[in-house]
S.K.: 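Attaching a single structure in structure tokens format; questions to follow.
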Amino acid sequence: MDPGLQQALNPLALSRGAAMHVPAGSVTNHLGSTGRGYFYFTTALLALCLVFAVATIMVLVVQKTDSIPNPPGKFHLKGGNCSEDILCILERAPFKKSWAYLQVSKHINKTKLSWNKDGIIHGVRYQDGNLVVQFPGWYFIICQLQFLVKCPEHSVDLKLELLINKDVKKQTLVTVCESGAQTKNIYQNLSQFLLEHLQVNTTISVKVDKFQYVDTNTFPLENVFSIFLYSSSD
């Protein structure tokens, strides 16, 4: 081989050899930190989207209302967590005809979730995990759930579904504990929103396939199910 060509190729061969002998531990640590950073980022982003979506609907409602005692610019969110912000917005909203704000029950034993009956319910009926519509119109539906997964030796699919009269209208799916992950416990937030025109006696419910992973201890106030009547058909 030409001496000049051999001299040019030697640095390339050395760099390839060095890359092939990177310690496995450093790669694993880097992947682990990257995974944790991604989880924190996505959780914060979902919470921000949840508050932003409700605030957007509030602005639309305000624009339709002739007289509002508290303009949207005067709203002061409590800021403790996303669920408190949602409740704060609903309590100050100009619509009071039909709305509900419920937190998930601590005793979950089936895919269809049940909710604490001592939540805030006005102009809506609660029955066997369902919110039952009493006034026709356009309803904004919100559900947010927190999951804690102790990773098994296989991946886990977490799915949240919003059902109208037992029919799935919207769903969110995320896979955690993927093969090769070193994290033992994973916290995952799932949120879903829906704007739907509903008739009287329409039922609204939430279904979770892996209900055993819903975290009712670490973030008990963050598992919420809420609806409000955006525009009445009466």
Side-chain angles (χ1 to χ4, degrees), residues 35-36 38-51 53-54 78 80-87 90 99-121 124 126-132 139-179 181 183-194 196 203-228:
R36 287 193 296 271
Y38 177 75
F39 162 71
Y40 295 141
F41 173 76
T42 53
T43 300
L45 183 61
L46 284 171
L48 179 62
C49 290
L50 186 62
V51 175
V54 177
K78 298 169 73 174
N81 57 57
C82 187
S83 299
E84 288 182 352
D85 292 345
I86 296 172
L87 179 58
L90 292 175
W99 67 292
Y101 180 90
L102 302 174
Q103 294 173 346
V104 74
S105 171
K106 279 189 170 292
H107 306 290
I108 303 175
N109 55 12
K110 56 183 179 180
T111 57
K112 180 180 176 180
L113 299 186
S114 58
W115 308 87
N116 292 330
K117 297 180 180 179
D118 57 354
I120 302 173
I121 300 178
V124 187
Y126 177 78
Q127 181 179 5
D128 298 329
N130 299 312
L131 286 174
V132 185
Y139 281 82
F140 190 65
I141 305 165
I142 308 166
C143 183
Q144 174 185 268
L145 295 175
Q146 303 289 342
F147 295 83
L148 172 57
V149 182
K150 295 183 178 180
C151 289
E153 295 181 355
H154 55 81
S155 60
V156 176
D157 292 331
L158 301 176
K159 183 167 64 173
L160 183 159
E161 297 177 327
L162 291 179
L163 290 82
I164 306 296
N165 289 334
K166 300 182 179 181
D167 295 326
V168 177
K169 286 295 183 178
K170 210 164 185 183
Q171 63 182 4
T172 299
L173 174 67
V174 64
T175 301
V176 297
C177 302
E178 295 180 321
S179 59
T183 307
K184 293 183 179 179
N185 297 332
I186 291 182
Y187 290 91
Q188 180 69 49
N189 174 295
L190 289 184
S191 303
Q192 192 55 267
F193 324 98
L194 177 63
E196 189 83 3
T203 61
I204 311 166
S205 59
V206 177
K207 181 179 178 181
V208 175
D209 285 347
K210 304 294 192 306
F211 61 87
Q212 67 271 25
Y213 294 124
V214 176
D215 184 10
T216 59
N217 296 317
T218 309
F219 304 106
L221 303 180
E222 291 295 292
N223 298 304
V224 297
F225 180 32
S226 180
I227 71 168
F228 65 82

S.K.: NZ/K207 to NZ/K110 distance, rounded to the nearest 0.5 angstrom?
M.R.: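 So the gap between those two atoms works out to 12.0 Å.
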S.K.: What are the two closest heavy atoms between S226 and A100, and how far apart are they?
M.R.: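 That closest heavy-atom pairing would be OG-O, 2.8 Å.
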S.K.: If only atom types and distance count, is the side chain of S105 paired as donor or acceptor with the main-chain N or O of N116 below 3.5 Å?
M.R.: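 Flag not set: sc S105 to bb N116 has no pair under 3.5 Å.
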S.K.: So which atom in S205 and which in N130 form the shortest heavy-atom distance, rounded to 0.1 Å?
M.R.: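 Where S205 meets N130 most closely, the heavy atoms are CB-OD1, 3.2 Å.
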S.K.: Within the structure provided, determine whether I164 and L194 are in side-chain contact (heavy-atom separation under 4.5 Å).
M.R.: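 A side-chain contact under 4.5 Å exists here.
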S.K.: Taking K112 for its side chain and D128 for its backbone only, find out whether a donor-acceptor pair lies under 3.5 Å.
M.R.: yes
S.K.: Using atom types as modelled and distance alone, determine if a side-chain donor or acceptor of N165 lies under 3.5 Å from a backbone N or O of D167.
M.R.: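 No, the answer is negative, given that no donor and acceptor are paired below the 3.5 Å cut-off.
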S.K.: So, the side chain of N189 versus the backbone of Q146: is there a donor-acceptor pair under 3.5 Å, distance only?
M.R.: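 A pair under 3.5 Å: no.
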S.K.: As an exercise, state the distance from OG1 of T203 to CG of L163, rounded to the nearest 0.5 Å.
M.R.: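 If we round to the nearest 0.5 Å, T203:OG1 and L163:CG are 8.5 Å apart.
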S.K.: Between CG of L145 and CD of E222, what distance do you get to the nearest 0.5 Å?
M.R.: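 Spacing of CG (L145) from CD (E222) equals 11.0 Å.
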S.K.: Are F193 and L162 close enough, and set up right, to give a side-chain contact (heavy atoms from CB on, under 4.5 Å), and what steps lead you there?
M.R.: CA-CA 8 Å; F193 324 98; L162 291 179; over 6 Å; no
S.K.: Any idea which heavy atoms bring F211 and T111 closest together, and the distance?
M.R.: CD2-N, 3.7 Å
S.K.: Evaluate the side-chain proximity of L158 to L160: yes if any heavy-atom separation is below 4.5 Å, no if none is.
M.R.: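 Result no, sub-4.5 Å side-chain heavy-atom pair not found.
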S.K.: Say you draw a straight line from CG of N185 to OG1 of T218; how long is it, rounded to the nearest 0.5 Å?
M.R.: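 The OG1 atom of T218 is 9.5 Å from CG of N185, to the nearest 0.5 Å.
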S.K.: Would you name the heavy atoms of S191 and T172 that are closest together and state the gap between them?
M.R.: O-OG1, 3.3 Å
S.K.: Examine distances only and state if a side-chain atom of K159 and a backbone atom of Q171 form a donor-acceptor pair shorter than 3.5 Å.
M.R.: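 The answer is no, because no donor-acceptor pair under 3.5 Å joins these two groups.
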S.K.: Between K106 and N217, does a side-chain contact (heavy atoms from CB on, under 4.5 Å) hold up when you go through it step by step?
M.R.: CA-CA 8 Å; K106 279 189 170 292; N217 296 317; 3.6 Å; yes
S.K.: Is the closest side-chain heavy-atom distance between F147 and I186 below 4.5 Å?
M.R.: no
S.K.: Give me the ring orientation class for W115 and F225: parallel if the planes are under 30° apart, tilted from 30 to 60°, perpendicular past 60°.
M.R.: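 Judged by the thresholds at 30° and 60°, the geometry between W115 and F225 is tilted.
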S.K.: Please report the closest heavy-atom contact between V124 and V132, naming both atoms and the distance.
M.R.: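 Residues V124 and V132, closest heavy atoms: CG1-O, 3.4 Å.
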S.K.: Is any side-chain heavy atom of I227 closer than 4.5 Å to a side-chain heavy atom of I142?
M.R.: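 When only atoms from C-beta onward are counted, I142 and I227 do not touch, as no gap falls below 4.5 Å.
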S.K.: Any chance you could measure L190, atom CG, to Q188, atom CD, to the nearest 0.5 Å?
M.R.: 5.5 Å
S.K.: Yes or no on side-chain contact (heavy atoms from CB on, under 4.5 Å) for L131 and L102, after CA distance, side-chain angles and deciding distance?
M.R.: CA-CA 10 Å; L131 286 174; L102 302 174; 3.8 Å; yes
S.K.: Work out which heavy atom in D157 is nearest to a heavy atom in K210; give both atom names and the distance.
M.R.: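 Minimum heavy-atom separation between D157 and K210: O-CG, 3.3 Å.
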S.K.: Does E161 offer a backbone N or O that forms a donor-acceptor pair with the side chain of Q192 under 3.5 Å?
M.R.: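 Such a contact is absent between Q192 side chain and E161 backbone.
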